[in-house]
Amino acid sequence: MFRQEEVFVGGWQEKTIEAMQRRRFEQMVTQLPPLGAGRLAELSPTAFERKLEQCWQDIERKPMRAQQLGEVWKSVLGSIDAQADCLSHEEHALVERALILGGCAQIEDAQELEAARALSLRLWASVGIVSGRPYIELETPVLEPVAKAFAREEHESIRQRLEAFSAYLTGMLYRVGAIDDRQPQQLLLREVFGCQAGSELHMQLARRYLWSSYDCVDYSGGVMLVHAALADPRHLMPSLRRRQGILLPPQTELTTQMDILPEEIPLQQALERAIRGALRDEYRAEEVARNLRFLCKQGAPLAAMEEVLQSTLIVYVSPSMRGALSSMYFRTPKWIECSEAAMQ
């Protein structure tokens, strides 16, 4: 989903992926109405019009509320098979769980809440609060059609191609940090939909899939897909505008999702060994080392990384910890360096 502007008042400690997702989750929860208030039939006329302006559907305007609701469901249900095929991984899993539970399910984390918001823009669901917790409620008219769409044989085939595409693009995002969304759109049309120049529906599905699957940022000239751990993508924008030909069709051996480079594995393992047994109860060595690797990739200075590490420890940073952290800092490829290499 599209990121909101954020000011990191706490420095690099607030730029870890967990801290960013926690803030987003808390901010979104505070904006939610009680569950049920977001159903299309329950919205006020003004809210209903605003919802239609925001939604990801092309819906013809009608003069009367009953006529407009009929047009909404005609539009949504008319393309529901194609829409169901092209949900993001998080959207698909959330809809499956809601169907199993009778149409309503509790939302567990920031990724699920963003998936629920994307589903509400498809007009499939409403999102709201019950006893302080966020829930998703599928709209009644879509329950049976979505279940039937998921049961189609071709649905599984498309989902497999999407999973392979997603693994490839996620790995590419980890290598470079951010990618203009136009190249993935064209790759998605060729590799998943099997067409060189898609119809308007295919173009919409490609955009919706990318925008609901990855963090997105508007920038001059387009939309940028951003790695979830990259707190401030603005330093990548100049190089992004000049980058051409970065994406190639994914090969079979490249369809395993990658969140670490081979040369980074021993660096992270060395840091894990150095800090294991010295962490506060709420931290795990693998997660702390992973967070520090992500901070390193987005340009955190070594002193800031040591400060973040110290906040997780019950002892002072030892020479062996400092040595492992320094090796990670100097030998980990940075996203900005990867971007510059991609332009050459």
Side-chain angles (χ1 to χ4, degrees), residues 1-4 21 24-59 61 65 68-147 149-150 204-216 218 223:
M1 292 292 288
F2 281 86
R3 289 190 185 182
Q4 303 297 317
Q21 290 182 346
R24 287 157 71 174
F25 183 77
E26 292 171 351
Q27 290 168 0
M28 286 186 290
V29 167
T30 61
Q31 299 169 2
L32 294 177
L35 186 66
R39 297 183 195 126
L40 286 184
E42 303 298 325
L43 295 177
S44 68
T46 301
F48 183 74
E49 286 299 317
R50 187 164 58 247
K51 185 74 169 181
L52 295 188
E53 290 173 0
Q54 296 172 337
C55 75
W56 293 349
Q57 299 283 342
D58 294 323
I59 300 171
R61 290 296 194 265
R65 177 66 174 263
Q68 188 67 79
L69 274 172
E71 192 66 27
V72 166
W73 295 124
K74 177 183 175 182
S75 176
V76 172
L77 299 180
S79 62
I80 201 159
D81 285 356
Q83 295 277 355
D85 292 341
C86 298
L87 297 176
S88 72
H89 177 79
E90 290 77 15
E91 286 177 299
H92 197 278
L94 193 55
V95 170
E96 282 187 317
R97 192 164 84 241
L99 287 172
I100 291 170
L101 296 174
C104 185
Q106 183 175 327
I107 296 168
E108 301 294 339
D109 55 33
Q111 287 183 309
E112 285 193 351
L113 185 49
E114 290 174 346
R117 290 176 59 208
L119 288 165
S120 75
L121 292 176
R122 294 179 189 268
L123 303 178
W124 281 28
S126 62
V127 188
I129 297 293
V130 176
S131 300
R133 296 292 302 173
Y135 279 76
I136 183 172
E137 181 183 44
L138 297 180
E139 293 275 4
T140 301
V142 307
L143 286 171
E144 185 176 347
V146 169
F150 281 6
Q204 289 180 0
L205 291 173
R207 286 193 295 268
R208 291 172 188 174
Y209 176 80
L210 293 171
W211 295 352
S212 58
S213 296
Y214 299 94
D215 284 10
C216 303
D218 283 315
V223 173

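Residue numbers count from 1 along this sequence.
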For Glu71, the salt bridge (charged side-chain N to carboxylate O under 4.0 Å, His left out) test, sequence neighbours excluded, returns none
Distance-only, no hydrogens or angles: does the Gln106 side chain make a donor-acceptor pair with backbone N or O of Arg133 under 3.5 Å? no
Check: Under 3.5 Å, is there a donor-acceptor pair between the side chain of Ser44 and the main chain of Ala47?
Finding: yes
At what distance, to the nearest 0.5 angstrom, does [atom1] of [X] lie from [atom2] of [Y]?
{"X": "Phe25", "Y": "Glu114", "atom1": "CZ", "atom2": "CD", "result": "10.5 Å"}
{"X": "Leu94", "Y": "Ser88", "atom1": "CG", "atom2": "OG", "result": "9.0 Å"}
{"X": "Ile136", "Y": "Leu101", "atom1": "CD1", "atom2": "CG", "result": "11.5 Å"}
{"X": "Arg122", "Y": "Arg208", "atom1": "CZ", "atom2": "CZ", "result": "6.5 Å"}
{"X": "Gln83", "Y": "Leu77", "atom1": "CD", "atom2": "CG", "result": "10.5 Å"}
{"X": "Leu32", "Y": "Ile129", "atom1": "CG", "atom2": "CD1", "result": "4.5 Å"}

List the atom of [X], the atom of [Y], and the distance in Å for their closest heavy-atom pair.
{"X": "Val127", "Y": "Ser120", "value": "CG2-CB, 4.4 Å"}
{"X": "Ala149", "Y": "Asp81", "value": "CB-OD1, 3.4 Å"}
{"X": "Cys104", "Y": "Leu35", "value": "SG-CD2, 3.7 Å"}

Are the side chains of [X] and [Y] in touch, meaning some heavy atoms are under 4.5 Å apart?
{"X": "Glu91", "Y": "Trp124", "value": "no"}
{"X": "Leu123", "Y": "Trp56", "value": "no"}
{"X": "Val223", "Y": "Asp218", "value": "yes"}
{"X": "Leu113", "Y": "Arg24", "value": "no"}
{"X": "Ser79", "Y": "Leu205", "value": "no"}
{"X": "Ser212", "Y": "Glu90", "value": "no"}
{"X": "Gln204", "Y": "Asp58", "value": "yes"}
{"X": "Leu121", "Y": "Trp211", "value": "no"}

side-chain hydrogen bond (donor to acceptor under 3.5 Å, both in side chains) filter on Glu144, not counting sequence neighbours, yields Lys148
Margin query: With side-chain contact (heavy atoms from CB on, under 4.5 Å) as the criterion, how do Gln68 and Leu52 come out once you've worked through the C-alpha distance, each side chain's angles and the decisive distance to 0.1 Å?
Written below: CA-CA 10 Å; Gln68 188 67 79; Leu52 295 188; 3.8 Å; yes
**Intermediate values then yes/no, side-chain contact (heavy atoms from CB on, under 4.5 Å), Leu40 and Val72** = CA-CA 9 Å; Leu40 286 184; Val72 166; 3.7 Å; yes
N-O pairing of Glu49 and Arg61 below 4.0 Å
yes
| Is it true that Glu112 and Arg97 make a salt bridge, defined as a side-chain N closer than 4.0 Å to a carboxylate O? | yes
| request: Could you check whether the rings of His92 and Phe150 sit parallel, tilted or perpendicular, using 30° and 60° as the cut-offs? | output: parallel
Under the side-chain contact (heavy atoms from CB on, under 4.5 Å) rule, what do Ile107 and Val29 come out as? Steps first, then yes or no, please. CA-CA 10 Å; Ile107 296 168; Val29 167; over 6 Å; no
